[in-house]
Amino acid sequence: MNFYNDLLGISPVLIVSLAGLIVVILEALFKKGETISYFLSIISLILAGLFAIYTYSMYSTAFNGMVAVGGYASFFNFIFCVGALLTILLSKDYLAKRNINYGEFYILVLFATAGMMFLASGVDLIITFLGIELMSISLYVLAAFARTDPKSNEAGLKYLLLGAFATGFLLFGIAFIYGSTTTTNLKVISANFQNYQNDFLFWLGVGLLLVGFSFKVAAVPFHMWAPDVYEGAPTPASGFMSAVSKSAAFGAFVLVFIFGFNGTNEQVRYAIAIISVLSMALGNIIALSQTNIKRMLAYSSIAHAGYILIGLASANELGKQGVLYYSLAYILMQVGAFGVVSIVEREENKALNINDYAGLGHRKPLIGVLMSIFMFSLTGFPPFAGFVGKYYLFASAVQAKMTWLAVAGVLATLVSVYYYLNVVINMYLKEQPAEVLNNPEQEKISISSAFAVLISAIGIFIIGILPTLVTRYFEKLF
Amino acid sequence: MIPLSWYLFLSLILFTIGVLGVLIRRNAIVIFMCIELMLNSVNLALVGFSSYIGNEIGQMLVFFVLVVAAAEVSVGLAIIIAIFRNRLTVNIDEINLLKW
C-alpha cells in the first residue's frame, strides 16, 4: 500500500482529529463559538462515518502494519461515529440547562472519539496504548466538566486516579510482552504464538493486560470507579463513557486477545469467564437496590460488560460476532437510556430518582414509549437488539463447551428484569407527583434531543428485527 | 555488563512501591506521584528489555509513555485544583459525596 492509500484507510480518524483541532481554534477566536462548534462536530462525525463505510472493503493494515483499516476497523469507526453523534445531539440542551454551555465539550468528545478509533484498530500494542490514553484523558476532563459542581469534580478525580492506576498495569503488561516476544506487533506475536507457550514473562504480561482492560471495561473486581463516575459526570457524557468507550475497549480486547494471542489458552479463558460471571452477578444484584437512575444504569453497565466478556471467554467465531453486534446494540440502547435521563433531568441534579419517573408515560407519551423500548432492549426482550446480541453471546458459550457460562448469563438476565421493568412500571402505573403537574413547563423537550433518542430507538428496532443487516458485515473482517 | 534481571527487579520494586502508595496514602497529590512512579518503573523495564534484546521499539515506547504521563499530570492537577477550589481539601477520605 502506498502512502495515500494509508491516509485514506485512516481517514475517519483524520477527519475527527482535524475537526477537533479546528474547533479548538474556533473556540479561541470567537466568544460565542458554541453553535459553530456544535454544527462543525456534527458535520465532521457524519463525514467520518461515511468514510468509514467507504473504506470498508480495504481489509488491510496501514503504516507498516501499525493500524488495521477496513473491515473490523471500519465497523468500529462507524459505530463510534454513531455514538458520538448521538451524544453531541443530546448534549446541547443539557449543557444549556446545567449552565455549562462551553464548546470544549465538543472538542473533548471529538478527541475521545479519535482515541477510540485508534484503540479499536491498533494492530500494534503501542497504538493500543496511545488510543486508550487519548480516549481516557479526554474522558477524565468530560467527567469533571461541570467545574463548579462538587459531584462532577469528584467523578473526574476518581476516574483519573483509578484510570491512571490501571494504565500502569496495562503498560507493565505491554513491557513484559515486548520483553518476551521482542516485538509489539500483534501480527508477529500471533504468527509465532506457539513459541511463547511456556514463557513465564509472556503470560505475566497477558495477565497484566487482562487487568488493565478489565479496568477500562469496568468488570468486577475492577469496577469500583464506574458507578461514582457515571453518577457524577454530566448525563450525556455518562452515556458516552459507559457505552461508547466501553465498546472501544472491547474492540481492542478482541484485537489483542483473539487476533493477537490466538484466543489465548484454557486458563486465561477461564479467568475471563470468572470475571464475566462476577460482573453479571454483582452488577445485577447491586442494581436492584439503587434509587438513583444514573447509578442503576451504571451498575447495569457493569453487568453488560459481563455479558460481552462471555464472547471473549468462548473466543470462537460466534463469540467474536457477538461482541461486535452487542457493541452496536449496547451503544444505541445505553446512549438512548442516558439520553432520556438527560431530557427528564432538571437543573442542579434534580429528577434523577426512579420515583421521579412516576406518570411520565402519561405526561410525555413519546418519551415514555422510547424509555420502555430501551429498558426492554437492555433486559433482552425480543424483538429488540438486546435479545439478538444476548442470543449470539450465549450461543457462543454453548459452542465453546462452556454451557455453565450461558446458564449464568440467563440467570443474571432474569434478575435484571426486576429493576428495568421497575422503571416502566413507575412510568405507567404510578400516580404523577403533584408538584410536576402544577408546573408542566418544567419538562420541555428540545427537538435535537428527542431526535437523537428517537434515532437510537428506531436503530434498536431495525437491527433487532433484521440482524443480518449488521451481521453480514462480519463475514470478512480482515 | 549488568544482567537483565537486575533491571527487572528494580523496576518491579519501584512498581510495587507505587502500587502500595496508591493504596495507602490519602492525599490526592501523593497518590498522583505514586502513579507517576509506576509509569517510570515501566520505562525502566522497557529500556532494560530494549538494550537486552537489541532493538529500539522499547525505547521508542518510552518516549510515548513520557508524553502521555505529562498530559495526564496536567489534566490531573487541573482536576485537583478544581476540587480544592470547591471543597478546600485534597484528602480523598473527605471527598465522598458519591457512594452507594
Side-chain angles (χ1 to χ4, degrees), chain A residues 124-127 129-130 132-134 136-138 140-141 143-144 146-185 201 208 227-232 286 289-292 295, chain B residues 4 7-8 11-12 15 18-19 22-23 28 31-32 34-50 52-55 57-58 60-65 67-69 71-87 90 92 95-100:
Chain A
D124 196 292
L125 288 171
I126 298 178
I127 298 290
F129 168 69
L130 287 177
I132 225 168
E133 283 309 299
L134 180 54
S136 299
I137 291 177
S138 312
Y140 302 150
V141 188
R147 198 155 50 89
T148 49
D149 175 12
K151 275 190 169 182
S152 177
N153 283 337
E154 187 176 330
L157 183 72
K158 283 184 172 166
Y159 198 8
L160 171 88
L161 290 180
L162 290 170
F165 188 54
T167 301
F169 285 97
L170 188 88
L171 204 54
F172 217 25
I174 293 177
F176 280 133
I177 285 172
Y178 166 65
S180 54
T181 63
T182 75
T183 178
T184 50
N185 195 305
L201 272 187
L208 287 168
D228 292 350
V229 172
Y230 298 163
E231 185 190 342
I286 299 184
S289 64
Q290 298 303 323
T291 50
N292 181 310
R295 234 178 147 71
Chain B
L4 173 68
Y7 291 104
L8 289 189
S11 153
L12 266 176
F15 191 81
V19 171
V22 172
L23 298 177
I31 292 178
F32 215 59
C34 292
I35 289 173
E36 291 304 310
L37 185 63
M38 286 166 68
L39 293 181
N40 279 322
S41 77
V42 175
N43 285 347
L44 186 64
L46 280 171
V47 174
F49 276 130
S50 178
Y52 175 73
I53 295 166
N55 73 17
I57 300 174
M60 201 172 74
L61 185 48
V62 168
F63 283 109
F64 286 117
V65 176
V67 172
V68 164
E72 221 158 39
V73 166
S74 57
V75 166
L77 290 180
I79 291 176
I80 291 174
I81 287 173
I83 281 219
F84 188 76
R85 281 193 180 144
N86 281 335
R87 309 277 296 272
V90 289
I92 56 163
I95 303 173
N96 55 3
L97 284 176
L98 302 164
K99 55 192 166 198
W100 266 103

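With a threshold of 4.5 angstrom between heavy atoms, A:Leu130 approaches chain B through side-chain atoms but not through N, CA, C or O. Contact annotation for B:Ile92: only side-chain heavy atoms (C-beta onward) come within less than 4.5 Å of a heavy atom of chain A. Neither the backbone nor the side chain of A:Leu162 comes within less than 4.5 Å of any heavy atom of chain B. Contact annotation for A:Leu125: neither backbone nor side-chain heavy atoms come within less than 4.5 Å of a heavy atom of chain B. With a 4.5 angstrom heavy-atom cutoff, B:Ile95 touches chain A via backbone and side-chain atoms both. Of the two parts of B:Ala82, the backbone and the side chain both hold a non-hydrogen atom closer than 4.5 Å to a non-hydrogen atom of chain A. Contacts of A:Ala144 with chain B are made by side-chain atoms alone, with heavy-atom separations under 4.5 Å and no backbone atom involved. For A:Pro227, no part sits under 4.5 Å from any heavy atom of chain B, backbone or side chain. Residue A:Phe169 touches chain B through both its backbone and its side chain, counting heavy-atom pairs closer than 4.5 Å. Looking at A:Glu133, only its side chain comes within 4.5 Å of chain B, counting heavy atoms on both sides.
Side-chain rings of A:Phe172 and B:Phe15 approach one another, their centers coming within less than 6.0 Å.
Here the shortest heavy-atom pairing between A:Gly168 and B:Val42 reads O-CG2, 4.1 Å.
With sequence neighbours left out, A:Tyr230 forms a side-chain hydrogen bond (donor to acceptor under 3.5 Å, both in side chains) with no residue at all. Residues passing the ring pair (Phe, Tyr, Trp, His ring centres under 6.0 Å) test with A:Tyr159 are A:Tyr140, A:Trp225, sequence neighbours excluded.
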> Can you list the steps and then say if B:Phe64 with A:Leu171 is a side-chain contact (heavy atoms from CB on, under 4.5 Å)?
Replying inline: CA-CA 11 Å; B:Phe64 286 117; A:Leu171 204 54; over 6 Å; no
> Where do B:Phe32 and A:Phe165 land on the ring pair (Phe, Tyr, Trp, His ring centres under 6.0 Å) test, with the steps shown first?
Replying inline: CA-CA 9 Å; B:Phe32 215 59; A:Phe165 188 54; over 10 Å; no
